[in-house]
Amino acid sequence: MATERYNPRVSEPRWQKAWEEARLFETSNDDGRPSYYVLEMFPYPSGRIHFGHIRNYTMGDVVARYKRAKGFNVLHPMGWDAFGMPAENAAMQNKVHPKQWTYENIAVMRDQLKRMGLSLDWSREFATCDVDYYHRQQMLFLDFYEKGLVTRKTSKVNWDPVDQTVLANEQVIDGRGWRSGALVEQRELAQWFFKITDYAEDLLTALDALDGWPDKVRLMQRNWIGRSEGLLIRWALVEDTAPEGERELEVYTTRPDTIFGASFMAVAPDHPLARKAAERDPDLAAFAAECRRVGTSAAVLETVEKKGYDTGIRVRHPFDPEWTLPVYVANFVLMEYGTGAIFGCPSGDQRDLDFARKYGLPVIPVVMPEGADPAAFRIEDEAYSDDGVMINSRFLDGMFNTQAFEEVADRLEKAELHGRPVAQRKVNFRLRDWGISRQRYWGCPIPVIHCEACGVVPVPREDLPVTLPDDVEFDTPGNPLDRHPTWRHVKCPKCGADALRETDTMDTFVDSSWYFVRFTEPHADTPTVREAAKKWLPVDQYIGGVEHAILHLLYSRFFARAMRDTGHLDLAEPFKGLFTQGMVVHETYRARDGRWLTPAEVRIEGSDNGRRAFEIATGEEVVIGPIEKMSKSKRNTVSPEEIVDSFGADTVRWFMLSDSPPERDLEWSDEGVAGAHRFVQRIWRLVNDAAPALKGVAPRPAREGAPAVISKAAHKALKVVSEDIEQLAFNRAIARIHALVNDLQAPCAALAGADAATLAAARDAVEILISLIAPFMPHLAEECREKIGAEGFVAASRWPDYDAELVVDDQITVPVQINGKRRGDLTIAREADQAQVEKAVLELDFVQKALNGGAPRKVIVVPQRIVNVVV
RNA sequence: GCGGACGUGGCGGAACCGGUAGACGCAAGGGACUUAAAAUCCCUCGGAGAAAUCCGUGCGGGUUCGACUCCCGCCGUCCGCACCA
């Protein structure tokens with residue numbers, strides 16, 4: 001009997017339509033069942049989905065469908081991270097308005113996502129560029145402002161002089177603007193900031209409780225926040241060396257214990273003391289200017305030589321007024337960290353040591369490894385920065401360095417300079433406040449007004465939203481809002497005088513810092529409805545790329561706290577479970593002349609080591625390059641539309657989760673997709689062939705006799721696949737399903753004329769199989785369910801429960817080792833006790849042979865696992 | 001430089017808390033069916049050996065009745081941060 005092939009082109013749209021009409025995936029906030037919120041990081045509407053999206057959303061969809069089947073009221077929404085530069089770039093290049101470009105892209109991508117059969121609640125969809133959304137974001141901004149969580153201060157920014165805009169650090173490549181190619185300048189600009197540093201301590205300590213997050217991400221955040229404990233120490237300047245009006249220099253150190261090893265002070269080129277000194281010293285001014293020019297990009301720093309300039313200023317050592325030290329301006333000291341000034345201890349810090357050697361400064365060893373000989377301990381080319389015992393440090397000598405830290409801190413806190421304590425304990429963070437100003441059009445306007453008389457005036461709430469004007473031009477570089485003839489001119493809400501609107505818009509990371517809250521009540525007038533937020537949050541399972549491990553996830557954690565403190569939320573941690581999925585990667589192909597070729601332009605011949613690639617158009621051999629993330633620049637992309645067109649969404653979904661563990665990279669392969677499609681057809685055939693015999697049969701697992709084999713296979717698979725999905729081990733779940741199909745193949749092909757018990761067991765097994773594949777291949781599952789004549793949707797049915805008696809075997813087979821090497825096995829009743837097992841083992845032929853008539857030295861019996869006989 | 005993860009067949013990977021290494025898939029080879037092809041089905045598939053058996057989880061040691069798994073030391077790959085005082 002030939003069965004027709006499963007045709008996803010017909011079936012998939014049919015079921016998608018049926019689900020939509022039944023409104024299966026629309027979630028109500030008034031539902032008594034336990035809630036489960038699964039969310040994938042929402043996409044930027046670039047114009048088309050790629051396999052990264054598909055992998056991400058398929059994982060979320062498996063969880064959503066599984067949890068729904070397990071009886072949860074599941075929230076699984078989708079939206080668009082729709083503000084940002086690409087829309088403006090498109091406007092400049094293609095003369096299309098950012099709004100039009102964005103909404104058209106959204107329409108295309110929404111269709112593409114719908115074709116994947118994702119169980120999303122589209123009734124909650126929004127885009128961050130919807131006025132409705134950014135209106136509420138402006139409300140949040142005003143609340144944050146009122147609460148003191150927003151500040152405006154000048155800071156150094158990367159300024160692109162051609163495009164006339166601020167660039168993020170990631171947008172500066174080798175010191176040049178990524179778009180214009182112009183040399184980026186460092187500028188001081190007044191910028192808006194969110195005071196994320198107010199929460200630094202809490203953001204750090206709360207990580208410990210986030211046990212649903214990968215350790216890796218928690219560690220990255222920990223390092224990013226970068227807490228250190230140290231001491232602020234004020235050093236008196238030697239009067240006749242100091243510039244006019246300067247009396248002291250404050251430094252931050254985490255190693256006050258090394259204070260007797262100090263041999264110089266160093267300050268940043270922008271440090272106030274350096275600036276003052278530069279006023280009277282043109283050479284110093286030139287040196288500082290040179291430092292600024294070189295900039296601070298990571299790549300540059302690696303190669304730049306440590307340089308200093310002796311200002312001639314000297315300071316007095318806090319423990320010895322007779323001891324004075326020189327003050328240098330140094331290119332390696334950062335103004336942004338600590339106080340922008342350090343004391344250099346060459347013996348305990350490699351950088352300081354290099355500096356000291358270069359400028360002939362003293363190197364005094366002050367910490368040595370425990371047990372070393374103080375008389376013989378020397379510092380040559382390597383500083384000693386580990387813990388140890390104090391030497392050459394007067395009253396600290398002999399102490400352990402951590403003890404010396406406390407001693408120095410205690411003494412200096414009590415000592416006074418100019419009427420204040422010399423030192424103060426201080427916890428310092430690497431984390432900086434979050435600069436949210438962007439000199440761009442396509443973003444959420446910052447709702448403030450600048451009045452000459454009143455200063456910064458927030459836009460009154462009743463005047464919100466501040467909407468973006470539509471009539472803007474992108475012909476000239478810079479921010480179109482600045483050039484708009486009328487938009488920025490307003491009356492001051494306070495005094496009524498002529499005033500100017502803020503033309504900066506918010507960083508798009510602001511938009512994505514609370515969208516998951518908005519999904520809980522997406523059409524409310526207020527940013528959130530606390531009851532709804534309380535019901536759904538925190539997000540139970542959040543899934544996305546590891547590239548957001550720091551910024552997006554840290555900003556969102558800040559936002560939750562800020563929203564809590566402004567009365568919008570009742571929690572601090574927005575994401576209970578976090579999963580970071582790997583990328584989709586593919587080989588790269590490069591022609592002789594350096595052109596990158598897409599996989600579609602290449603023909604592969606041979607296999608394994610003999611694989612060669614040829615350009616189809618020319619027949620020329622091309623170089624097979626390394627496997628990399630699919631990207632436009634390397635052209636190693638495969639178009640999801642074409643693949644979905646030819647194989648269907650189920651095949652693609654199945655392939656996306658097969659083989660590679662979800663947290664690792666997935667290599668795209670045509671053979672892999674073909675294999676997934678074969679499996680789709682194989683299930684269809686199995687169900688189809690069995691369907692006539694199974695129609696109208698009531699499912700009933702068999703515990704005894706031949707049909708028990710079927711039932712055991714099905715119920716064991718049910719148990720482990722459920723566990724695998726709970727752990728997001730999709731690749732393992734898929735392997736188990738494959739194995740189940742292998743087990744069911746023969747019995748299901750022989751159902752014609754089978755007895756009632758067998759038919760009932762087969763029906764039960766096939767129903768289980770359909771349930772198991774449903775989260776992965778939802779369309780095929782519906783088609784199969786229909787085929788065997790069951791009512792209703794798989795998508796709306798309960799996850800089956802396994803029969804506990806079927807997943808354990810009466811007889812078990814355990815391996816038997818002799819001296820730790822496997823020599824055979826033993827089949828015995830499961831409940832056999834140790835003595836029985838030992839007796840049975842010793843009677844085995846090969847054991848007798850090994851014993852050779854003697855007694856074993858030892859027999860180790862691990863119940864139901866293994867037996868080891870030591871002879 | 002600092003921090004972290006990982007290293008298993010031709011390939012992706014499995015192996016739960018230290019207990020049968022290589023499940024499942026891909027590729028490859030052989031066979032059946034077919035006029036032929038596709039599809040499908042069956043068999044083989046870490047290495048050596050005729051077999052018994054021996055060897056085998058990056059390398060070298062160690063702990064253990066037993067190590068892919070734990071400990072020490074190397075080597076390699078990848079990721080994050082990077083002049084943070």
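Keep in mind that what you see is a predicted model, and the values were worked out from it rather than measured.
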Tell me which residues in residues 256-267 of chain A put a heavy atom below 4.0 Å from RNA chain B, sorted by number, or none. none
Would you kindly say whether Glu382(A) and Tyr384(A) are connected by a side-chain donor-acceptor distance under 3.5 Å? no
Sugar-phosphate, base or nothing in reach of Thr253(A), heavy atoms under 4.0 Å: sugar-phosphate
Using the 3.5 Å cut-off, write out each protein N or O paired with an N or O of nucleotides 29-31 of chain B and the distance between them.
none

I'd like the C1' distance from A50(B) over to G31(B), given in whole Å. 24 Å
What is the nucleic acid contact for Asp349(A), judged by heavy atoms within less than 4.0 Å: base, sugar-phosphate only, or nothing? nothing
Determine the Euclidean distance between corresponding C1' atoms of G58(B) and U8(B); express it in Å to zero decimal places. 10 Å
Taking for each residue the nucleotide of RNA chain B with the nearest heavy atom, is it Val870(A) or Lys216(A) whose nucleotide lies nearer the 5' end? Val870(A)
Does Phe264(A) form a ring pair (Phe, Tyr, Trp, His ring centres under 6.0 Å) with Phe355(A)? I'd like the steps, not just the answer. CA-CA 10 Å; Phe264(A) 66 94; Phe355(A) 193 85; 4.8 Å; yes
Say we look at C84(B) and G19(B): how far apart would their C1' atoms be, to the nearest angstrom? 48 Å
Using Watson-Crick or G-U wobble pairs with both distances under 3.5 Å, give me RNA chain B in dot-bracket, 5' to 3', with [ ] for crossers and | for pairs to another strand. (((((((..(((......[....))).(((((.......))))).(((....)))..(((((..]....))))))))))))....
Of the listed nucleotides (C65(B), G13(B), C41(B)), which one gets closest to any side-chain atom of Asn868(A)? C65(B)
Enumerate the residues from residues 734-747 of chain A whose closest heavy atom to RNA chain B is under 4.0 Å, giving them by residue number; use none for an empty result. Ala735(A), His738(A), Asn742(A), Gln745(A)
Checking contacts here: which listed nucleotide (G13(B), C55(B), G25(B)) is nearest the side-chain heavy atoms of Lys821(A)? C55(B)
Residue pairs meeting salt bridge (charged side-chain N to carboxylate O under 4.0 Å, His left out), one or both in residues 657-674 of chain A, sequence neighbours left out, come to none
Give one of base, sugar-phosphate or nothing for Val862(A), where a contact means two heavy atoms less than 4.0 Å apart. base
Near-strand residues of residues 715-730 of chain A, defined as heavy-atom separation under 4.0 angstrom from RNA chain B: none
Identify whether NZ of Lys or CZ of Arg in Arg430(A) sits under 6.0 Å from the centre of the six-membered ring of Trp224(A) and within 45° of that ring's axis. yes
C1'-based separation of A85(B) from A14(B) [nearest Å]: 48 Å
Tell me what Ile860(A) touches on the nucleic acid: a base, only sugar-phosphate, or nothing, going by heavy atoms under 4.0 Å. base
What integer number of Å spans the C1' atoms of G49(B) and G30(B)? 22 Å
C1' atom, G10(B) versus A28(B): distance in rounded Å? 8 Å
5′-ward residue of the pair Arg432(A)/Val867(A) relative to RNA chain B: Val867(A)
